[in-house]
Amino acid sequence: MNNDPGHPPYSSHNSVNSSPSPMHHNSLPVPHSPSPALSPSLPHQTNHTPCPPSPQTIKTEQGTVKSEPMDTSTSNSSNLLESSTMQAILAFLKKNNLSSTEEQLKAELAKMEGGASAPAVVPDTEVGNVLAAYKSDGDPTSYEAAYGDLEVFVENSLDMYRHELALILYPVFVHMYLELVYNQHEDPAKHFVAMFGPRQESYYQEDIKKLSFVTKKEHMKGNELMDNFNTSQFTVRMSRDTYTQLRQQKKHLSEKKHSLLWNVIQEHLYLDVYEGLPRSKSQIDSTAGAMTGEANRQANKAKVYYGLLREPDVAPLPQEEDEEGEDGDKPKKKKKKENILAKKSKNDPNAPIPTRMPFPEMKDSDKMEKARANRESYKRANLGPDNIPSICMYSLMNVSSRVTSVNVSDDSSLLAAGFSDSIIKVWTLLPHKLRKLKSAEALKDINREADDVLHRMMEETSGEQSKSLVGHSGPVYGLSFNPDKSMLLSCGEDGVARLWSLQTWTCLVCYKGHMFPAWDCTFSPSGYYFATSGHDRTARLWATDQSQPLRIFHGHFSDVDCLAFHPNSNYVGTGSSDRSLRLWDCVTGNCVRLMTGHKSAVLCLAFSPDGRFLASGSSDRRVLVWDIAYGHLLAELSHHKSIISGLAFSREGTVLASSAIDSTIAVWDFAKLTNEAALEDVNVTHNPDVMKESEQLLLGNYRTKNTPVLHLHFTRRNLLLASGPFDG
């Protein structure tokens, strides 16, 4: 990246923390409520990790390289005071009423200056500094000529270089347009976008349309798309040979055009150069499309402990057939199986240490539920090409308002639906009815030592097929049952996450953190922790006994639409409208994987049961499969004709099911996909070829009469449950 003092800094964010490292998204300290259970293992994270510069960072031409502006010598301390970076920081602190921090910073700066007063904040700092890089005395007509020449140069390049060189066309187009707007050349800017806009890739057209409404300098303040281009450099990956070709382009341009073009490239692009052969058109298309370019290799270098934790030791339950009379043989067999399971899960070299994330002690009810789950798993159907899952469809009929979310409990006994009129309804999927807890007076008389104490606590006369939960003040967009189905988590347009008791059928806690609508929420597979995401571009990690978030995952450039917990509970995956996916470490709060490839908003996620793979569905009508060990895209599954609305892996991970709002369900052979992906040859620098033979992996596709399938869920015995509202 360019550190030439001759160029004004691009933006306050860019100057402070827009390093090629993935850490730069976590510069703000994460709020953390101290808790005895959490303090030892999840320390307060300020995330001021120094970001190592990428070895491939591109410097300016030999003749124009100058000394770094922030030299350590004392003679340059005044440079620090007067730097536009510091002005921007002071302006940010003032704007957000962080007066004490502002005073402290001014005092520190005054000390460095040797008693001189800190710089006064110049008026209109936000536009003056953040967009200063767009200041140009260039002739407005030369932009079109320079861009036209760049297009000709790319078109006339050798085939092997052309596709990588073409990657710079879109970011150069955007920043040239913004330079014209900033310098108040309104008509040339409109002509520029009308001439070159339609030539850009189809997946950028929506962004270009939004950008074309920015026609005056004043419009550049507070525009979401503008913020994205201001706060990050557009990442372009290219081989060393392609980069050499790009430098050769100087010979083909006049001095004026050359300086115009290279100022944009040095200021606003991050060229991630790698050694090796240039990539083909199909390889580039697979990972292109994100709002801020591709993920650079630095972003995916951190180690991810994707292995599973060892299963807790739980006493096995007797088989259902033997519940009346104990037969000696079967329980023995059962124990033998249990030991095999324990052995199998004991030594996973990729698993995190068990104490990495602190969890409360397992309650007796949790152990009972775990034992029940283990017993069910012995009767699980092994799915594959010769044994496709049966599907049970639940349609919500005659609903009074739009269904906005659906969720099924892990043991498949409860189904919850959220509606646009703010109501949540919970149904039982089993013959027994939903009962309410007895009054406090009646509970006093219960024998607490009785085996069926949980059953005795419930009011016999209160049984119903469904219960309604009222509390949100807008549509409910996310629902999640905790593992022992004693509680339900919900979030919605009001930005509040609510925790409901499914024994008293009342709201226990409101978690307030998101300032705008919350789009999704999910419990950790182990309970206790949960995560939410929303329109404020963040995801947040919470604990049920803390009123404030433990971590704020900040780094996406648009709404965080969906999220999923990793099976080992140490990571959270997020999908965003910025067309990228990220994997966050719950312990450090850092982004450890950035994955690009979707051409539209990412709407649903699912981790494979072994923790190695992540499937994502998008409104670009495709399902993509990622290897989170290295952050590579493995496969692209195209079959649906509409927005992907649901994803689910079978319990042993051999089958992936996907659904769309066009009332279709597809079942994919995931075991075949992973066997053919040649994972052994993959490393950080070598991207595997993306598998696109979708039809060979498709085991079956099914259509409902007129019900968009919003949610998919595999039972413990591998029956696929699908649910959605009937559109009659």
Quick one: are the ring centres of [X] and [Y] less than 6.0 Å apart?
X: Tyr270; Y: Phe234; result: no
X: Tyr306; Y: Tyr571; result: no
X: Tyr147; Y: Tyr143; result: no

Which pair of heavy atoms, one from [X] and one from [Y], lies closest together, and at what distance?
X: Ser658; Y: Leu647; answer: CB-CD2, 3.6 Å
X: Arg551; Y: Gly589; answer: CD-CA, 4.1 Å
X: Arg582; Y: Cys591; answer: NH1-SG, 3.4 Å
X: Ala518; Y: His514; answer: CB-CD2, 4.2 Å
X: Ala302; Y: Val592; answer: CB-CG1, 4.0 Å

Would you mind reporting whether [Y] and [X] have side-chain heavy atoms less than 4.5 Å apart?
X: Tyr177; Y: Ile208; result: no
X: Asp272; Y: Met238; result: no
X: Glu164; Y: Leu246; result: no
X: Glu695; Y: Leu698; result: yes
X: Leu581; Y: Ser576; result: no
X: Asp520; Y: Tyr477; result: no
X: Leu673; Y: Leu637; result: yes
X: Ile644; Y: Ser618; result: no

Below 30° counts as parallel, above 60° as perpendicular, anything between as tilted: where do the rings of [X] and [Y] land?
X: Trp584; Y: Phe553; value: parallel
X: His175; Y: His268; value: parallel
X: His639; Y: Trp668; value: perpendicular

Between [X] and [Y], do the side chains contain an N or O donor and an N or O acceptor separated by less than 3.5 Å?
X: His640; Y: Thr664; value: yes
X: Ser580; Y: Asp578; value: yes
X: His556; Y: Thr574; value: yes
X: Trp519; Y: Asp559; value: yes

With the threshold set at 4.0 Å, does a side-chain nitrogen-carboxylate oxygen contact exist between [X] and [Y]?
X: Asp627; Y: Arg612; value: yes
X: Asp207; Y: Arg579; value: yes
X: Arg237; Y: Glu294; value: no
X: Glu201; Y: Lys281; value: yes

| Identified side chain to side chain contact (heavy atoms under 4.5 Å, CB included) counterpart of Leu269 within the set Leu167, Val236, Thr235 |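 Of the listed residues Leu167, Val236, Thr235, the side chain to side chain contact (heavy atoms under 4.5 Å, CB included) partner of Leu269 is Val236.
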
| Criterion ring pair (Phe, Tyr, Trp, His ring centres under 6.0 Å) against Phe173, the qualifying member of Phe192, Tyr204, Phe196 |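 Testing each of Phe192, Tyr204, Phe196 against Phe173, the sole residue satisfying ring pair (Phe, Tyr, Trp, His ring centres under 6.0 Å) is Phe192.
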
| query | Roughly how far, to the nearest 0.5 Å, is CD of Glu693 from CE of Met691? | reply |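 So the CE of Met691 and the CD of Glu693 are separated by 6.0 Å.
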
| Do other residues, nucleotides or ligands put more than 12 heavy atoms under 6.0 Å from the CE atom of Met515? |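 Not more than 12 within 6.0 Å, no.
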
| task | State whether the side chain of Gln283 and the backbone N or O of Ser280 hold a donor-acceptor pair below 3.5 Å, judged by distance alone. | result | yes

